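The next block holds one structure in the form of C-alpha cells; read it before the comments.
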Amino acid sequence: FATIHRPYNTDNPARMKRILDMLNLLPHPVIFPLHPRTAARLKAAEIHTNHHPHIQFIDPLGYLNSIAYQRGSECIITDSGGVQKEAYMLRKKCITLRSETEWTETLDHSWNTLVFEDIESIPKLIKEKPGTYIEGMFGDGHAAEKIVTAIKNFFKQQSPATA
C-alpha cells in the first residue's frame, strides 16, 4: 500500500518517476490510491500510470477504506503523517518518504523508517521485521471519557459562589 502526496515527492517530476519506478520493481503488487494532488502532478509531468504495471492506481479512498487496505497490506509506504500513525496502530511496517516525522516514537524498534534520498533501499527495508510493539503508545481509545470526567470533577469542586 502506498500513498504519496507531499510537494517534495510530487512536484519534482524526476523524483516522482523515481519513486514510481522503485514501487513498480517491488515483488508484491502495490495499491496506490491517487491523491488529487498527486494525480494532477502526474498528468502535468506526463507520467503515465500504465508505464507502471505492478502498481494498481485506484481512486482516492475514504478513511475506513484506507484503513482496510492498510490492514491487508504487508507494508505501507507513505509521506502522510496520519498514515504513519495508522500503520503503527495496525502493526504494519511503514516506510516514510520524508526526512522527518511528527511521530518520532514510530521510529522506535523499526516500525517506521525514514527514507528520503535512498529510495533504492525500500526493497531491503520491506523485508526487515520490526521489533517490540508498544501497546497503547498513542492512548487507550478512551480519551473522550477521561476528558468528560475531568470536566465534571472540575465543576464538582467549584463552590456555588464561584461556579
Side-chain angles (χ1 to χ4, degrees), residues 1-139 141:
F1 184 82
T3 176
I4 298 165
H5 69 280
R6 292 192 180 249
Y8 44 75
N9 285 323
T10 61
D11 288 2
N12 178 330
R15 179 167 175 83
M16 187 72 229
K17 185 172 182 324
R18 187 172 158 221
I19 291 168
L20 293 177
D21 289 346
M22 177 51 57
L23 295 176
N24 196 59
L25 293 174
L26 294 176
H28 301 289
V30 176
I31 305 296
F32 193 121
L34 269 177
H35 187 283
R37 172 178 225 300
T38 306
R41 295 298 185 258
L42 290 175
K43 185 176 180 179
E46 297 182 1
I47 298 173
H48 303 284
T49 57
N50 61 349
H51 292 162
H52 299 89
H54 292 106
I55 303 173
Q56 183 180 353
F57 295 94
I58 62 174
D59 289 337
L61 297 171
Y63 179 73
L64 294 177
N65 286 333
S66 178
I67 294 295
Y69 273 100
Q70 291 175 57
R71 180 173 283 137
S73 69
E74 179 179 339
C75 178
I76 296 168
I77 301 169
T78 190
D79 60 13
S80 167
V83 172
Q84 293 173 61
K85 188 175 177 184
E86 292 161 5
Y88 185 83
M89 292 189 298
L90 292 168
R91 298 180 185 213
K92 298 294 179 176
K93 172 82 176 163
C94 185
I95 298 170
T96 300
L97 299 177
R98 294 173 50 185
S99 59
E100 80 291 323
T101 178
E102 49 279 286
W103 305 109
T104 56
E105 54 272 86
T106 65
L107 301 173
D108 295 342
H109 309 291
S110 300
W111 282 95
N112 187 7
T113 304
L114 298 177
V115 173
F116 191 72
E117 292 301 329
D118 190 16
I119 293 170
E120 290 71 24
S121 68
I122 291 173
K124 179 183 75 108
L125 292 170
I126 288 174
K127 293 177 185 175
E128 292 178 5
K129 300 294 181 204
T132 305
Y133 180 85
I134 309 299
E135 192 72 45
M137 182 164 60
F138 293 112

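Note that the structure is a prediction, hence the values are computed from the model and not measured.
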Under a 3.5 Å threshold, yes or no: a donor from one side chain and an acceptor from the other, between K93 and S110? no
Separation between [atom1] of [X] and [atom2] of [Y], rounded to the nearest 0.5 Å:
X    : Y    : atom1 : atom2 : result
L23  : L97  : CG    : CG    : 7.5 Å
I126 : I95  : CD1   : CD1   : 4.5 Å
K92  : T78  : NZ    : OG1   : 15.0 Å
C94  : K85  : SG    : NZ    : 13.5 Å
T101 : L107 : OG1   : CG    : 6.0 Å
T113 : D118 : OG1   : CG    : 11.5 Å

Contact list for residues 96-111, test salt bridge (Lys or Arg N to Asp or Glu O under 4.0 Å), sequence neighbours left out: R98-E100, R98-E102
Donor-acceptor pair, S73 side chain versus I76 backbone, under 3.5 Å? no
Residues which pass salt bridge (Lys or Arg N to Asp or Glu O under 4.0 Å) with [X], listed by chain and number, not counting sequence neighbours:
X    : result
R18  : E120
E135 : R91
D11  : R37, R41
K124 : E128

Distance-minimising heavy-atom pair for [X] and [Y]:
X    : Y    : answer
Q84  : N112 : OE1-ND2, 2.9 Å
A2   : P33  : O-CD, 3.1 Å
L26  : P123 : CD2-CG, 3.8 Å
I55  : F32  : CG2-CB, 3.6 Å
W111 : T106 : CB-O, 3.4 Å
D79  : R6   : O-NE, 2.5 Å

Residue pairs, two or more places apart or on separate chains, that pass side-chain hydrogen bond (donor to acceptor under 3.5 Å, both in side chains) and touch residues 43-56: D21-H52
side-chain hydrogen bond (donor to acceptor under 3.5 Å, both in side chains) contacts touching residues 57-69 (sequence neighbours left out): S66-Q70
Just jot down the side-chain hydrogen bond (donor to acceptor under 3.5 Å, both in side chains) partners of T38, sequence neighbours excluded, or say none. none
Quick check: do [X] and [Y] have side-chain heavy atoms less than 4.5 Å from each other?
X   : Y    : result
N24 : P53  : yes
T3  : L61  : no
R15 : I119 : yes
V30 : I77  : no

Under the rule for side chain to side chain contact (heavy atoms under 4.5 Å, CB included), what residues qualify as partners of P60, not counting sequence neighbours? P36
Can you list everything that forms a side chain to side chain contact (heavy atoms under 4.5 Å, CB included) with I134? Sequence neighbours excluded, please. Y88, H109, T132, M137
My understanding is that only residues two or more places apart in sequence, or in another chain, count here; which of them pass ring pair (Phe, Tyr, Trp, His ring centres under 6.0 Å) with W103? F138
In chain order, what residues pass the ring pair (Phe, Tyr, Trp, His ring centres under 6.0 Å) check against F1, with sequence neighbours excluded? none
